[in-house]
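Here it is, the structure in full.
First the proteins, then the strands, lettered A, B, ... as listed; each starts at 1.
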Number of protein chains: 2
Amino acid sequence: MSEPTTPERIFAAADELFGSMGYDGVSVRDIAEKAGVNKASVFYHYDSKDALFERVLDRYYTAHHEALEDVWGLVGDPMSRLHAVIDSYIDFMLANQRYPRLIVSMINAANPQHLEFIQRSTGSLFNWTERALGDITPDSGPLAARQFYLTISGAVTNTFIYAEAVAPWWGGNPLSEGNLATRREHIHWLVDMCLEGLARERTDV
Amino acid sequence: MSEPTTPERIFAAADELFGSMGYDGVSVRDIAEKAGVNKASVFYHYDSKDALFERVLDRYYTAHHEALEDVWGLVGDPMSRLHAVIDSYIDFMLANQRYPRLIVSMINAANPQHLEFIQRSTGSLFNWTERALGDITPDSGPLAARQFYLTISGAVTNTFIYAEAVAPWWGGNPLSEGNLATRREHIHWLVDMCLEGLARERTDV
DNA sequence: GTCTATAGGCGGATAGAC
DNA sequence: GTCTATCCGCCTATAGAC
């Protein structure tokens, strides 16, 4: 286990700070201090604050994709596949809790490049959902795959995004092991209800 | 219809800018320029940037509460009440689209007062949910009221927060009249599935 | 590669004339 | 109440010594 290099220390500090305070809430000085390096070193290794931010984003985006691809390769019926994807989604967010926070911190950003990043990120996730649900959901209307994508992915990510906000009336930290397991059960239950409802819609037609 | 006063112009500009770029993304200079007033006037009328921000938040918070109270006074069975609340929730977000964006822009904020605001705001909404669902949901576990609160309110607010982000693959603006009506149907369908599932859980016990 | 020093601009906020 | 002028600190970014 060797010491982290200067670029690595900068990257780790940037990851942590951007993820907790957003792009605008963090200065290069903050990052340099947290990394224990000189402010000028940050520019030497990463050109600009914006470039550093995009490097941080990019690593999450790539990891997110890889996590999805791993599960997509699994065999099984659509329902067990779907549950596997959701578990993998929750696990990924749990292991990368700054990722959903980074996403929301970009929602209001002035920089249009940040919006493009979110569009790419949500777009590829949605494509996956449509392949997974294509056979059991109609192409349009209130039961189209895109509706379930927004609802279910929201149920997952909001768990992490609003954790601090709901903690006072949730009964302790919503991300504690026990509370998160309960949340996971809730989402699985929700998915099952949706699948049952969709099955009924199909037989009714 | 008289001309808006200077404080009103400042307030309107602040509302719009904070709602689209977040607290950190907006400067007092920006607000003054948009309002067509001198920068010093902003401080004369609102003391500080932070105080102005809280005034903007407060108006949304109060309006949100009033919208809830109006619906809470309605009569009817729990199910039709629940649908009425959801419709009123969607209508409020539609009429105040900067509100959900303000909420998420505060999530990552460095200012702990902003976190307290979100805790108050989500807390009172949750109390409402618990009164509305208390008779049909268990006190704890994956089907507790708090779980449904996070899921359903997320389904509503994410519609507005992610509208721009999902637009490219959604088929036009998700907030167009037709698309929003479809989204509304989806959420109502979702609620019905949850209520049916909860009813089955109760008879099974 | 890493440092000090500094440029040049924008941030919130204030003083004081009118 | 509204303006100009200004303070001072922090911002991103760079120049240049070592």
Without decimals, in angstroms, what is the distance between A:Asp30 CG and D:dA13 P?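 Distance, rounded to whole Å: 14 Å.
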From D:dC3, D:dG1, D:dT12, nucleotide with atom closest to A:Lys39 side chain: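 For A:Lys39, the side-chain atoms sit closest to D:dT12.
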Could you state the CZ-C1' distance from A:Phe18 to D:dT12, rounded to the nearest angstrom?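 Those two atoms, CZ and C1', are 12 Å apart.
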In whole angstrom, give the distance that lies between atom CD1 of A:Ile31 and atom C1' of D:dC11.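 So the two atoms are 12 Å apart, to the nearest Å.
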Tell me: CG of B:Asn111 to C1' of C:dG11, nearest whole Å?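 These atoms are roughly 16 Å apart.
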Which atom of A:Phe160 lies closest to which atom of A:Arg101, heavy atoms considered: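 For A:Phe160 versus A:Arg101, the nearest heavy atoms are O-NH1, 4.5 Å.
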Do the ring centers of A:Tyr60 and A:His64 come within less than 6.0 Å of each other?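 Here the rings of A:His64 and A:Tyr60 have centres that are no less than 6.0 Å from each other.
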Report the nucleotide, chosen from D:dC3, C:dC3, D:dT2, that has the shortest atom-to-atom distance to any side-chain atom of A:Ala40.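 From the listed options, C:dC3 comes nearest.
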A:Ser48, nearest nucleotide to its side chain (from D:dA13, D:dA15, D:dT4):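 Of all the options, the side chain of A:Ser48 is nearest to D:dA13.
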Rounded to whole Å, please give me the gap between CZ in B:Phe43 and C1' in D:dC7.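 Distance check: B:Phe43 CZ to D:dC7 C1' gives 13 Å.
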I want to check one thing: is the phosphate of D:dT2, taken as OP1 and OP2, less than 4.0 Å away from some side-chain N or O of B:Thr6?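 So the side chain of B:Thr6 is within the cut-off, an N or O lying under 4.0 Å from OP1 or OP2 of D:dT2.
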Side chain of A:Lys49: nearest nucleotide among C:dC3, C:dG12, D:dT12?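 So the nucleotide nearest the side chain must be D:dT12.
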Would you tell me whether A:Asp77 and A:Ser80 have side-chain atoms, one donor and one acceptor, within less than 3.5 Å of each other?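 Note: A:Asp77 and A:Ser80 side chains meet the donor-acceptor criterion.
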Strictly under 6.0 Å, is that where the ring centroids of A:Tyr149 and B:Trp170 end up?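 A:Tyr149 vs B:Trp170: aromatic centres not under 6.0 Å.
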Length of the CG-P vector between B:Asp24 and C:dG11, whole Å: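 The answer, rounded to whole Å, is 12 Å.
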Looking at A:Ser27, I'd like to know whether one of its side-chain N or O atoms comes within less than 4.0 Å of OP1 or OP2 on D:dC11.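 Checking D:dC11 against A:Ser27, a side-chain N or O does come within under 4.0 Å of OP1 or OP2.
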Ignoring backbone atoms, test whether A:Arg29 places a side-chain nitrogen or oxygen under 4.0 Å from the OP1 or OP2 oxygen of D:dC10.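 False: A:Arg29 side-chain N/O out of range (4.0 Å or more) of D:dC10 OP1/OP2.
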Expressed as a whole number of angstroms, how long is the span from B:Arg9:CZ to D:dG1:C1'?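 The distance from CZ of B:Arg9 to C1' of D:dG1 comes to 14 Å, rounded to the nearest Å.
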Euclidean distance, atom OH of residue A:Tyr44 to atom C1' of C:dT4 [Å, nearest integer]: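 Taking atom C1' of C:dT4 as the reference, OH of A:Tyr44 is at 17 Å.
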A:Val26 near the nucleic acid: base, sugar-phosphate alone, or nothing, with a heavy-atom cut-off under 4.0 Å?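 Here A:Val26 touches the backbone only, sparing every base.
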Give a yes or no on whether B:Arg55 atom CZ has more than 12 heavy-atom contacts from other residues, nucleotides or ligands under 6.0 Å away.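 Not buried by this count: 12 neighbours or fewer within 6.0 Å.
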